[in-house]
Asker: 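Below is one structure. I have some questions about it.
Only heavy atoms go into these numbers, but all of them, side chains included; no hydrogens, no water, no symmetry mates.
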Amino acid sequence: MTAGTETDEVHVRLRFPGGMILDYRAERAIAERLAAHLRPHRIEVTIDGMPIDRLAPLPCAELWTD
């Protein structure tokens, strides 16, 4: 992410029971809403302030907007 961008993108890591790990990029607000919904289901969500440009965007991110 470069200075002056409109979005606050972060790296989001989802670690599912059983070991599967998925990495995406998403806007911080979306990542935090996603985490709040998934953590009760034993899905570990890590939000890292350093987005990685090569990561795919979070699928269906619009589900987690206001």
Asker: Measure the NE2-CG distance between His11 and Asp53 for me, rounded to the nearest 0.5 Å.
Answerer: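 These two atoms lie 12.0 Å from each other.
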
Asker: Could you tell me whether a side-chain N or O of Arg25 sits under 3.5 Å from a main-chain N or O of Leu55, the two making a donor and an acceptor?
Answerer: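 Yes: the side chain of Arg25 pairs with the backbone of Leu55.
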
Asker: Here's a test for you: under side-chain hydrogen bond (donor to acceptor under 3.5 Å, both in side chains), which of Asp23, Thr46, Asp48 qualifies with Arg13?
Answerer: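 Of the listed residues Asp23, Thr46, Asp48, the side-chain hydrogen bond (donor to acceptor under 3.5 Å, both in side chains) partner of Arg13 is Asp23.
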
Asker: Looking only at heavy atoms, what is the nearest atom pair of Tyr24 and Pro59, with distance?
Answerer: CE2-CD, 3.4 Å

Asker: Does Phe16 reach the side chain of Ile21, with side-chain heavy atoms less than 4.5 Å apart?
Answerer: no

Asker: Answer yes if Leu63 and Val10 sit in the same cluster of Ile, Leu, Val, Met, Phe, Trp and Tyr residues linked by side chain heavy atoms under 4.5 Å apart, and no otherwise.
Answerer: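 Same cluster.
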
Asker: Any chance you could measure Glu9, atom CD, to Ile30, atom CD1, to the nearest 0.5 Å?
Answerer: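 Here the rounded value is 9.0 Å.
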
Asker: Give me the atom names and distance for the closest heavy-atom approach of Gly49 to Arg28.
Answerer: CA-NH2, 3.6 Å

Asker: For the CG atom of Leu14 and the CE atom of Met20, what is their distance to the nearest 0.5 Å?
Answerer: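 Here the rounded value is 8.5 Å.
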
Asker: Can you name the nearest heavy-atom pair linking Arg33 to Thr65, along with the distance?
Answerer: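 For Arg33 versus Thr65, the nearest heavy atoms are NH1-CA, 3.9 Å.
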
Asker: Side chain to side chain contact (heavy atoms under 4.5 Å, CB included) for Ile47 and Leu34? Distances and angles first, verdict last.
Answerer: CA-CA 10 Å; Ile47 300 170; Leu34 174 70; over 6 Å; no

